[in-house]
Amino acid sequence: MKRKALHLLRNIGIVAHIDAGKTTLTERILYFTGKSHKIGETHQGNSQMDTLKPEIEKGITISAAATHTEWQVNGQTHRINIIDTPGHVDFTIEVERSLRVLDGMVMLFDAVAGVEPQSETVWRQSQRYSVPAIAYVNKMDRPGSDFFNVVQQIRDQLDANAWAIQLPIIEDNVFIGVVDLLSKGAWVWSKEDGQAQSISIPTELTEAVEFHRNALLEELASLDETLLDRFLDQPNSISVEEWQTTLRSAVVQQSIVAVLAGAAYKNIAVQPLLDAIGLYLPSPLDTPSTEGLNPSNQQTIERAVDPDAPFAGLVFKVILDEQNRRLSFFRIYSGRLAAGDTILNVRTGKKERISQLYQMHANKRTELKEALAGDIVASLSLKQTRTGDTIADIKAPILLESLYVPKPVMGVAIEVVKTAQLDKLGLALAKLAEEDPTFKVVHNQETSQTIIQGMGELHLEIIIDKLQHDFGVAVNTGQPQVSYLERLQEHGRQWGRLKKQSGGPGLFAEIDVELGPADPEFLADPSNGRLQFIDKVVGGTIPKTLIPFVEKGFRTAMESGPLGGHPLESLKVILWDGKTHPKDSKPLAFELCAQNTYREMAMSLAPQLLEPLMQVEVQTPEPYLGAVIGDLNRRRGLIKGQKLEHGRMVVQAEVPLIEMFGYVGHLRSSTAGRGTFNMQLAGYAALKDLALQNA
């Protein structure tokens, strides 16, 4: 593919709640842009973007897939890099790491269901990385679709300034086309080939078009003082191109979310979305200069989006290809990278040689000689990198912000069927953990069990499937287990002492510390982590070189709480004072002293066991409502509300995760197979059931 100017490059993601039609839309985008010559379907298992065996079997996206295409807008050819993301909450890390490196996104909504729970989750993720968005109300062909109801839901539930920039054309209750409010162009689509035909605005829509167009123009004019004066004096003097430029600026600045309508499965109104991607979503040049830290002095430095600047990139995803080789995806933020170059992994401080570069189309690779700022590429050469690592020019290192990784909430004990495969299991688990930051492996010392932890039942099911089919390791699994946390509720202060002196080299350390839960203000910033360590030592009673080892000791100790050995939710440590010995006060002494002091104090600080609480939404026909609510109550659920939506009752509740194991089968049997549900982590709550605590 020829190099295009940076202002014509679009790095976008397709994000949404599960089953909103992300992969279906991506398949149409590839078809109508000429990238593919046949439309794949998820339900037929032949979509180009879903290539993993579980994706084909289940008809859902599990791993975010990258591709690229081109589309001409106003005579200019735009290069579009697309990442198709999963919608299932168990694979939220795929959305998280994709949004970290994207410049814009297309957020899909079901025209009937509107804003769904995972819609809110991905919206919050996009806000974390300040990703501008346009919205696409998909499935407008479905009975009960309501375009403006979805627009209002986006405003109310996502607190976004959503404005329709199209009006759907409905004929005999069938969605057939759209009217563009800025240009007043109207199009309908052929059912046979998905090609658009330009028409005059239907007479019955003329009044509605004028009403919604004027409202949109007033909103746009209010964002630009110069334009506002012209709009009030001579509104007809403002061209369509000027309005489009103003809307683009508003989208890029996240002042407006432009909303379009379509029906991807029926091939209706995909082309106007492609136009909107080119017209309104940002290029790499519209994003601020990339900030990072100078690893030598921790000062903030910037890198411009410039091919001639020093190279800097972020590895946002590491996967295993079909031959179990590590394939690293990364976004280039500045500079250029050629096959054969040597770069620096800033986290490890090690150099790595890039022997090859690839542009990806799902699981297919095209080799590149060179990649420039703004590109999203992959390589098999990075042997020591992991997700979130910065790679940079050896002579100009910079450490970029990594990405937020949610904690796993569920675990399952596994064991090999054949003891001879024990070593093979260890290697396979290590590779899977490198590939997926939300997947953790824990070895329980008390029971000698290997426990794998993930984001939910489906996540762990996919991991076990990979173990058996990709690595050839047969395993038995135990009952799912919940990942609990522990919390200290009180503060306490104590003088801790470690003294091991028996004639030879000894260990000596004394510390005066205060322990308790971390401050809410500290925890409000996810980048702070869970340990709030405050050094109040004066007079050099503990040398500055030894204080980091006190912190290290508490950081290690807080991974095992006093009640059940679960990690602490947070810990605040104030180091007030201490004592040293001229010969025996080594770093190890202060690290061990911190761990011992924590163990001595923790049980006296009112420890509390916390369990993950899930936000659950159940959709059911009304005759089964009583059975659904009764069952949720039996599962210690707190009903938060219920409403009627499109002929189905929607029940919202908060339920402990441990009570949701196996719920899908129970719900189907109690609603004659017509009930559906989804859930996401709402937070952690105190576990009051002593029987469960003891378990």
Side-chain angles (χ1 to χ4, degrees), residues 5 7-10 12 29 32-33 70-78 80 104 106 132-137 140 147-148 151 161-169 176-189 195-262 268-283 285-286:
H7 73 282
L8 298 178
L9 174 61
R10 300 291 181 269
I12 67 162
I29 287 175
F32 288 117
T33 58
E70 292 184 345
W71 182 251
Q72 198 168 86
V73 184
N74 292 340
Q76 293 183 306
T77 301
H78 291 67
I80 307 174
V106 177
I134 58 176
Y136 188 71
V137 180
M140 283 293 298
F147 178 69
F148 283 103
V151 174
N161 190 24
W163 284 85
I165 64 169
Q166 292 179 346
L167 220 59
I169 300 175
I176 60 171
V178 296
V179 178
D180 182 271
L181 293 178
L182 293 184
S183 68
K184 287 188 168 183
W187 301 270
V188 294
W189 272 262
Q195 297 303 314
Q197 176 187 349
S198 178
I199 63 168
S200 299
I201 297 174
T203 306
E204 63 273 17
L205 280 181
T206 304
E207 188 175 332
V209 168
E210 287 303 316
F211 173 80
H212 289 290
R213 184 175 192 270
N214 288 334
L216 174 62
L217 298 187
E218 286 179 13
E219 177 67 17
L220 291 175
S222 70
L223 301 174
D224 186 321
E225 290 185 9
T226 305
L227 201 64
L228 180 59
D229 292 337
R230 290 176 59 194
F231 179 69
L232 294 175
D233 295 337
Q234 294 179 309
N236 294 331
S237 70
I238 305 173
S239 67
V240 171
E241 289 74 19
E242 288 178 286
W243 285 122
Q244 289 175 339
T245 300
T246 304
L247 177 56
R248 183 176 197 277
S249 177
V251 170
V252 170
Q253 295 171 16
Q254 299 180 71
S255 303
I256 279 182
V257 175
V259 188
L260 301 89
I268 300 176
V270 175
Q271 296 92 333
L273 173 63
L274 284 161
D275 290 341
I277 290 170
L279 287 171
Y280 307 126
L281 285 180
S283 75
L285 295 176
D286 294 308

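Scope of the values below: all heavy atoms of this structure, side chains included, with no hydrogens, waters or symmetry mates. No experiment lies behind these values; they were computed from the predicted model shown.
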Completion exercise
Between A261 and Q166 the two heavy atoms that sit nearest each other are N-OE1, 3.0 Å
Fill in the blank from the handout: When rounded to the nearest 0.5 Å, the distance separating OG1 of T245 from OH of Y280 is 9.0 Å
Exercise for the section: Determine whether V151 and F147 make a side-chain contact, defined as any pair of heavy atoms from C-beta on separated by less than 4.5 Å. Expected result: yes
Completion exercise
Between P168 and L205, the two heavy atoms sitting closest are O-CD1, 3.9 Å
Practice task
Please say which of H7, Q253, R248 ends up in a side-chain hydrogen bond (donor to acceptor under 3.5 Å, both in side chains) with D286.
Solution key: R248
Practice task
Given side chain to side chain contact (heavy atoms under 4.5 Å, CB included), test W243 with L227 step by step and report yes or no.
Solution key: CA-CA 9 Å; W243 285 122; L227 201 64; 3.4 Å; yes
Handout entry: Pairwise side-chain contact, I176 with I268, heavy-atom cut-off 4.5 Å (strictly under)
Key = no
Practice task
Could you label the plane-to-plane angle of the F148 and H212 rings as parallel, tilted or perpendicular, counting under 30° as parallel and over 60° as perpendicular?
Solution key: parallel
Problem - Nearest heavy atoms of Q76 and L8, plus distance in Å - result: OE1-CD2, 3.9 Å
Practice task
For L228 and A221, work out which heavy atoms get closest and say how close.
Solution key: CB-O, 3.3 Å
Handout entry: pair V270-Y136: side-chain heavy atoms closer than 4.5 Å
Key = yes
Problem - Value rounded to 0.5 Å, distance of CG in D224 from CD1 in I238 - result: 9.0 Å
Practice task
Indicate the atoms forming the closest heavy-atom contact of V106 with L273, along with that distance.
Solution key: CG1-CD1, 4.0 Å
Completion exercise
Given the options T246, N161, N214, E219 meets side-chain hydrogen bond (donor to acceptor under 3.5 Å, both in side chains) only with N161
Problem - Gap between atom CD1 of I256 and atom CD1 of I134 - 0.5 Å precision - result: 13.0 Å
Exercise for the section: Determine whether D180 and P272 make a side-chain contact, defined as any pair of heavy atoms from C-beta on separated by less than 4.5 Å. Expected result: no
Completion exercise
Between E70 and the options T33, T77, I80, the side-chain contact (heavy atoms from CB on, under 4.5 Å) test singles out T77
Exercise for the section: Tell me, yes or no, whether the heavy-atom count around Q234 atom CD, taken from other residues, nucleotides or ligands under 6.0 Å, exceeds 12. Expected result: no
Exercise for the section: With the side chain counted from C-beta on, respond yes when L260 and V178 share a heavy-atom pair under 4.5 Å apart, and no when they do not. Expected result: no
Problem - Carboxylate-amine/guanidinium contact K184 E210, below 4.0 Å - result: yes
Fill in the blank from the handout: Distance col, row Q244:CD vs L247:CG, nearest 0.5 angstrom, shows 8.0 Å
Exercise for the section: Can you measure from CZ (F231) to OG (S222) and round to the nearest 0.5 angstrom? Expected result: 9.5 Å
Problem - Heavy-atom closest contact (L281 atom, R10 atom, distance) - result: O-NE, 3.0 Å
Exercise for the section: Please assess L216 against L182 for the test side chain to side chain contact (heavy atoms under 4.5 Å, CB included), listing each intermediate value before the final yes or no. Expected result: CA-CA 9 Å; L216 174 62; L182 293 184; 3.8 Å; yes
Completion exercise
Rounded to the nearest 0.5 angstrom, the CG-CG distance for D275 and N74 is 7.5 Å
